[in-house]
2 protein chains.
Amino acid sequence: MAERKVNATSTQVAKLAGVSQSAVSRAFTPGASIAESTKRKVLQAARKLGYQPNAIARSLSTKRSKIIGIVIANVTTNPFYPEVLDALSHRFQQRGQRVMLFVVTRDQNLDDILPQLLEYRVDGILLTAATLSSAMAHECSRLGVPVTLFNRSVPDTNASSFCCDNIEGGRMAARLLMESGHHQVAFVAGSRDTSTSLERERGFREELKKHGLEPYIEMGKFSYQGAFDAARKLMRLPKSPDAVFCANDIMAIGVLDALRHAEQKKVPEEVSVIGFDDIPMAAWPSYNLTTIRQPIERMIDSAVNDLLDRINQNTIVSKQELVRGDLVVRFSTKLPSGLSSGYVISTSETRNV
Amino acid sequence: MAERKVNATSTQVAKLAGVSQSAVSRAFTPGASIAESTKRKVLQAARKLGYQPNAIARSLSTKRSKIIGIVIANVTTNPFYPEVLDALSHRFQQRGQRVMLFVVTRDQNLDDILPQLLEYRVDGILLTAATLSSAMAHECSRLGVPVTLFNRSVPDTNASSFCCDNIEGGRMAARLLMESGHHQVAFVAGSRDTSTSLERERGFREELKKHGLEPYIEMGKFSYQGAFDAARKLMRLPKSPDAVFCANDIMAIGVLDALRHAEQKKVPEEVSVIGFDDIPMAAWPSYNLTTIRQPIERMIDSAVNDLLDRINQNTIVSKQELVRGDLVVRFSTKLPSGLSSGYVISTSETRNV
DNA sequence: AAAAATGATGAATGCGTATGCAAACATGCA
DNA sequence: TGCATGTTTGCATACGCATTCATCATTTTT
């Protein structure tokens with residue numbers, strides 16, 4: 001059982017292999033100038049000692065931590081975000097970056113979190129479902145740390161951002177509802193201070209207005225329960241809505257459950273419901289939710305590529321990308337006469353702003 | 001607009017403040033021996049330069065990274081795990097630890113992931129929904145890195161582990177089903193190689209056996225869809241089951257949907273369904289799932305405390321904790337004659353093994 | 001065969017911080 | 001005033017690696 005060795009260092013490996021510490025370093029640096037023979041010697045000695053390069057020391061030396069800071073919210077309340085996190089994590093992983101994670105709650109101030117990331121000299125920062133203060137944005141750019149926003153639109157910063165075209169999504173929802181003959185519609189918002197919710201609302205309103213309609217607005221707090229309660233309020237209205245568009249799927253599902261189980265309403269016969277995101281649950285037979293799908297994989301790919309490019313090429317130019325969502329028509333909405341049942345998915349596209 | 005300063009160092013701050021670099025270091029080290037007056041000078045200079053200590057350098061020097069490695073699986077397929085992640089992340093956060101995250105898929109080998117964590121000299125490792133090879137366990141203990149398993153039972157390692165009492169949970173499910181007069185039951189397993197699923201199955205079988213019953217077993221692959229398919233298979237059986245116990249809630253929900261929407265079965269009138277975890281969805285009116293609740297917060301608290309204690313006190317003793325779950329009776333199961341409708345929650349307790 | 005180019009190697013240094021140690025200083029007490 | 005005690009301070013060094021530079025060994029060129 002012999003050894004009680006702990007974290008061998010490159011110097012120890014060097015001694016055992018009969019070479020210099022530099023040689024050990026080179027053996028573990030792809031593309032470094034080192035003879036095949038000495039490399040073998042080094043690796044053998046390394047194995048014997050259970051040596052593994054110390055990434056902390058390397059980071060200090062290279063001034064690259066190979067760590068990406070990810071800040072994410074709503075992980076437990078919206079199944080959309082675990083998917084985002086999963087995809088992000090895998091992408092960075094396979095691109096050789098580690099992930100330092102911060103899960104934040106709505107009331108947590110990002111300005112307290114970011115310094116903790118910067119402390120570790122992360123190579124880049126990815127924020128999702130979180131808004132960046134301009135002070136912090138400035139701080140990041142001062143430090144040369146690229147920032148990418150996912151699913152939040154930019155203030156005036158030079159952070160990149162990758163979003164679904166929320167305004168157009170709102171319009172699509174409005175069009176579908178109007179084409180299928182609804183006259184009194186409602187919007188269940190997430191909150192008053194989130195770009196996603198505001199933009200979806202805006203597109204929805206705009207399109208409705210063209211036809212002289214105006215939606216009720218109710219707060220759903222971005223949660224199942226909040227939307228459940230919102231739906232009940234809507235149904236108490238003198239002229240209750242015959243269609244409800246929700247700022248995301250989880251709220252749409254809350255509305256659906258409220259309508260069916262608390263209000264004894266038939267969906268879609270009496271009330272249509274439409275969501276946003278297309279989370280897996282939306283396709284479950286209990287819900288069969290009509291929704292606007294966010295092309296998550298594509299968006300994540302772009303976001304990750306952009307961030308890594310800016311890190312590696314030291315590019316300063318940031319990018320604002322808007323990705324068109326797909327309308328997925330299921331059975332929570334009445335069908336417009338022109339459409340047959342089942343799926344109808346509009347083609348999607350990516351647009352640079 | 002002046003400065004284009006980038007990442008000031010303690011030496012620069014020292015110069016500006018007219019003190020030594022040591023003084024700067026001490027100003028940022030709680031409890032260090034430094035006069036109040038010089039501390040003020042330092043902090044002022046630091047603010048002026050936008051200085052923030054470099055955690056990487058500190059880690060190298062102190063041999064403490066203040067980073068916890070978290071490995072987690074099933075983040076997108078089981079809502080239970082985002083909750084776990086959220087709780088873990090917050091606890092570590094408020095205890096001054098950062099989190100390095102690895103999201104793994106079932107087919108990914110942990111033995112490829114752990115080295116990536118060890119490379120960064122994480123202070124501790126928390127694995128959830130992931131199994132540790134004994135080689136890697138040995139490697140960690142060799143390096144003095146404490147490991148904690150959450151929701152997986154230990155092989156023979158000296159890793160700590162925090163689990164729900166799955167066997168007892170299985171028994172509780174069996175008892176409830178038998179008391180409410182079921183005669184042909186089934187178990188929808190997750191997989192054949194996961195302790196949680198196996199233990200829940202074992203407890204379930206044991207208790208049934210006492211009364212001469214034996215369950216059908218079907219694989220649900222730990223997913224909604226897998227369980228959906230499993231339920232359909234079960235219903236094709238010559239003597240189809242009148243009750244189904246699932247290794248977790250997400251599968252129970254898949255079974256429920258299959259029964260109601262694909263098999264036109266009434267739940268609980270024709271078939272009872274019972275799950276495990278008590279994820280938020282279980283309480284939704286569409287499902288109203290009877291289940292065994294895992295006291296997540298309590299378990300996480302214990303796990304985090306244990307891991308941090310072992311890190312700080314350099315304790316070697318690991319801990320195996322088994323937490324009793326609570327039976328939450330909702331409306332997906334027929335009620336035994338003794339019980340009235342609504343909730344029945346058994347008291348829970350923690351047991352050390 | 002000599003000169004030039006190429007490749008491999010090790011010594012030395014730097015990355016930014018923490019900390020042991022000894023010196024300097026302040027304080028209390030007799 | 002003198003000495004003992006306690007507090008601050010700076011110097012020097014270590015942490016583990018990457019990398020520059022000069023040196024030396026090898027190969028290629030003419």
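Here is the naming used below: chain letters follow the sequence lines, and residue numbers restart at 1 for every chain. All values reported here derive from a predicted model rather than from experimental measurement.
Scanning both residues, A:E83 and B:T76, for their nearest heavy atoms gives CA-CG2, 3.7 Å.
In this structure, B:T38 reaches the sugar-phosphate backbone alone: every heavy-atom distance under 4.0 Å involves primed, P, OP1 or OP2 atoms, never a base.
Between A:S33 and C:dA8 there is a side-chain polar atom (N or O) within less than 4.0 angstrom of OP1 or OP2.
Remark: the backbone N or O of A:L114 is not paired with any side-chain donor or acceptor of A:E119 at under 3.5 angstrom.
In this structure A:D86 satisfies the salt bridge (charged side-chain N to carboxylate O under 4.0 Å, His left out) test with no other residue, sequence neighbours excluded. In this structure, the salt bridge (charged side-chain N to carboxylate O under 4.0 Å, His left out) partners of B:R91, at least two apart in sequence or on a different chain, are B:E297, B:D301. A:D112 meets the salt bridge (charged side-chain N to carboxylate O under 4.0 Å, His left out) test with no other residue; sequence neighbours excluded.
Checked against a 6.0 Å centroid threshold, the rings of A:Y120 and B:Y120 do not count as neighbours.
Salt bridge annotation for A:E36-A:K39: absent, with no cationic side-chain nitrogen under 4.0 angstrom from a carboxylate oxygen.
Atom CD1 of B:I34 and atom P of C:dA24 are 20 Å apart (whole Å). B:E36 has its CD atom 16 Å from the C1' atom of D:dT9, to the nearest Å. One atom, NZ of A:K15, and another, C1' of C:dT9, lie 19 Å apart when rounded to the nearest Å.
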Interface polar pairs with nucleotides 25-27 of chain C, N/O, under 3.5 angstrom:
none

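Within the 4.5 Å cutoff, no side-chain heavy atoms of A:T9 are placed close to those of A:Q21. At least one side-chain heavy atom of A:V71 sits less than 4.5 Å from a side-chain heavy atom of A:L117.
Helix-axis bend for the helix from C:dA1-D:dT30 to C:dA30-D:dT1: the local axis fitted to the five terminal pairs at one end deviates from that at the other end by 30°, rounded to 10°.
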Between B:F92 and B:L307, does the side chain to side chain contact (heavy atoms under 4.5 Å, CB included) criterion hold? Intermediate values first, please. CA-CA 10 Å; B:F92 282 128; B:L307 188 57; 3.9 Å; yes
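A donor atom on one side chain and an acceptor atom on the other are found under 3.5 Å apart for A:T148 and A:R310.
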Produce a footprint string for nucleotides 15-27 of chain D: one letter per nucleotide, 5' end first; B if the base is under 4.0 Å from any protein heavy atom, S if only the sugar-phosphate is, - if neither. BBBBBB-------
